[in-house]
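Quick notes on the structure that follows.
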Amino acid sequence: MNKVRIALLSVLLVMLAAVSLRTAPAALAQTPTPIPPVPRPEGSTEVVFWYGLGGNLGNVILQVVNLYNSSQSTYYVNPVFQASYDDTINKINAGLASGELPNVAQIFEAGTQRMIDSGRIIPVQDLLARDGMLDIIDDMEPAVRANYEVGGILYSAPFNSSTAMLYINRAAFIEAGLNPDEPMVTFDQVAEYARALTVRDANGNVIRHGLGVYPEGWFLEQIHAIHDTYIALPNNGLQGERVTRYNYNSPIGVQWVEFLKGLVDEGVAVYYGTGGGGASSAAFVNGQIAMHFASIASLRGLISAAENAGAGVDVGVLYMPRNPGATGKTIVGGASLWITDVGTPEQQEGAWDFVKFTLRPEVQAFWSVNTGYYPVVRAAYELPEMQAGLEAYPQFQVAIDQIRLAEITDRNTAHVSGIFVPYRTHYVQAFDRYFNGEFASAQEALDAAVAISNEQLEEYNLTIGG
Amino acid sequence: MENELSSVATSTATAPPLARIQTSLQLLERAWARPRNRELVWALLYCSPALIIFFFFTYYPFFRAIFLSMHITNAAGEPVRFIGLDYYLRVLALDGTGRTNYLESIATSFRFVLMVVPPVIILAVGLATLATARVRGIQIFRTIFTSSIAISLASAGVIWSLIYNPSTKATTWLVDLLGLPSPSLLANPSTALPAVAVMTIWSGIGFNFIIALAGMQAIPSDLYESAAIDGAGRWQAFRFITLPLLSPTLLFLLVIGTIGALQAFTQFHLLMPNAPNTVFVYETYRAFWYDNRYGLASAMSIIIFIILLVLTLVQYRLLNQRVHYQ
């Protein structure tokens, strides 16, 4: 019997040991207080609105909806959270068969082609023209407007727009004698920074890496845009002709992947794997890495997480890196509001009325200040709350400057494609396989990924043709 | 029956309408007179709630999937072009392009089964052996060993994603110990699958433990008493009494466990989203939800169905001969 007792005890001990090895993660996500909806006025027309942003960003969306609902009593916007951008477009796809579609949907730019192809949407430009409001389009941030214009038609109303940044720990920069205030950086500079920022202990173990690396299609698109290279042909799909093949096995695509791989191999960058964005930002706010790639929309979150972590990280931003002489600019990411043709004419009018409301300068300023996305209309910059926001967070100005670095061309505008989401996965997986030694070179990895993307693109285009 | 039908068929061809109805009524009456037929009708009636549900949620989707698997579909899931078995050939890498990504994921699924099923059964049987001990407070241990059954896979996945987070000490310690290139266990191809397997084993222990314990408690104690009189030790009793009499239970756990592990999805969805080298079911999900290739996803689900069917039949065939039923 004693042996049994010992065995039982040891099982218990193993479990206890497992518990004690665990320590609480440094920065746990804070759950935002829910925003209660305003009551629905009697006799109002319900407008169903699907959105895909959660957490604090989702809460600001609910605040915008409440602002709208209290501003008038004819329509009542009913916001329905769809868990993520991916889930929203997936549910739209499912809705195409069942007919269950919202009146307004927030869709990321990866869904643009699919939304157009759905045949169930009303182009925002038609509604603006009908109401004599086309001057709103002229006031839109040019890079943002270009992002949602396909073949010269603005299909959806830009709502939340951002771009990619290289986040830096300013304190570490100053400590290493580097300049954190010169945003324009080359690949070589970033490599030098990474080396200078990497800190080793007495035994040669790295305690801080220069850069965090994870595969992300959006960054690959940024690099192509900066270097005036189409990611999909012809013309990134923006001239009304469908893209028929992907081009991200281009020299610049290969250079980008090799650049990151080189830094990881050198030991000055650390690789967090697919879906490693969260791990990389956690490491950044905890001071375990000194540079991190992310959207400008993450700025507020990263600043408060860095404060909570208390590791002395001072969050700054630089432009995405480039080759000397590159003449492009980063592209805009984020989402826009799409109006569908479902429901009664009153509901469609209500949908349009709500979308118009979100384009107002004061709403855009409210949205921008509380989230970190750009205002999509430039008139918002003249409002005092927006100016106060820019003063409090000068990093935003860097991001705004970055999307204004060059004239808008199809090359530096997000492409449209029916397999936008899948292509990103193909890239991410090839990237990961190369980093894990399954491919001999980035060229080989990207060639393989492009072959899979093109196979699927061809199939998608076939289904649209009939 | 056949003769009756054919005679009625020939007679109705020439008979006037009224007579035709009469003959069919007679036929029905005659059929109803047979107790076997009556029973069949009643049986169908009683089973109809289940049959209707099965029809709409199992049989219809099943045949629809076979149909879709031979078509390219559009965004609304309607077939656009018939392509025969092209998708099956693509998945099984028989289409001549040398793209083996789906075939590899089938191999990954089988590796995952091997990593999960034998350990979880061995651990569960081990714990069940301990839990049969007559010591005070054994109920507490039984509760502890069972507890993982109460935690859904989704919650377990979230818990383990926190454990595997590179910023936790347990993970950092293990990564340093193994000398891994990336700080995340889930990002290294050599550790990702084992890490998910460990989580799955942990999650499955509760269920396997309960079944194994129930199986052990069903073994009559007089067998152990007589074995003890014959001088059998603890190990011999386990080896020659417990294991053989537990074999039906073990077969059940093996079959259920294999099917479960081959269909594992939640943990991969939570722990390794987007990762290459994932399991086949997750690839099927990706093909459906992310690639919107409903035809391809259907073909993949038919393939996993055939694999499961064959595997289960083989397991029963091979092992049934070696299983001792009382």
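Below, chains carry the letters A, B, ... as their sequence lines are ordered, and counting in each starts from 1.
Atoms CG and CG, on B:N74 and A:D117 in that order, are 10.5 Å from each other to the nearest 0.5 Å. Rounding to the nearest 0.5 angstrom, the gap separating the CD1 atom in B:I83 from the CD atom in A:E459 is 6.5 Å. In this structure, A:D86 CG and B:Y290 OH are separated by 4.5 Å, a value rounded to the nearest 0.5 Å. Note that CG of B:N101 is 4.5 Å distant from CD1 of A:I452, once rounded to the nearest 0.5 Å.
A:N90 and B:W289 make their closest contact through OD1-O, 2.7 Å (heavy atoms, listed as atom of the first residue, atom of the second, distance). Nearest heavy-atom pair, B:A275 versus A:T274, reported as atom, atom and distance to 0.1 Å: CA-OG1, 3.4 Å. Shortest non-hydrogen contact noted between B:D291 and A:R114 is O-NH2, 4.0 Å.
With a 4.5 angstrom heavy-atom cutoff, B:I138 touches chain A only via side-chain atoms. Interface residue B:R90: only side-chain heavy atoms are found under 4.5 Å from chain A. Of the atoms belonging to B:Y294, it is side-chain heavy atoms, and not backbone ones, that fall under 4.5 Å from chain A. Proximity to chain B involves both the backbone and the side chain of A:N93, based on heavy atoms less than 4.5 angstrom apart.
Remark: B:R81 does not engage A:E458 in a salt bridge, criterion side-chain N to carboxylate O under 4.0 Å.
Under the 4.5 Å side-chain criterion, counting only non-hydrogen atoms from C-beta, B:T73 is not in contact with A:T463.
Atom CD of A:E100 sits in a sparse spot, with 12 or fewer heavy atoms from other residues, nucleotides or ligands closer than 6.0 Å. Residue B:F265 places its CZ atom among more than 12 non-hydrogen atoms of other residues, nucleotides or ligands, all under 6.0 Å distant.
There is no side-chain donor-acceptor pair under 3.5 Å between B:N277 and A:Q429.
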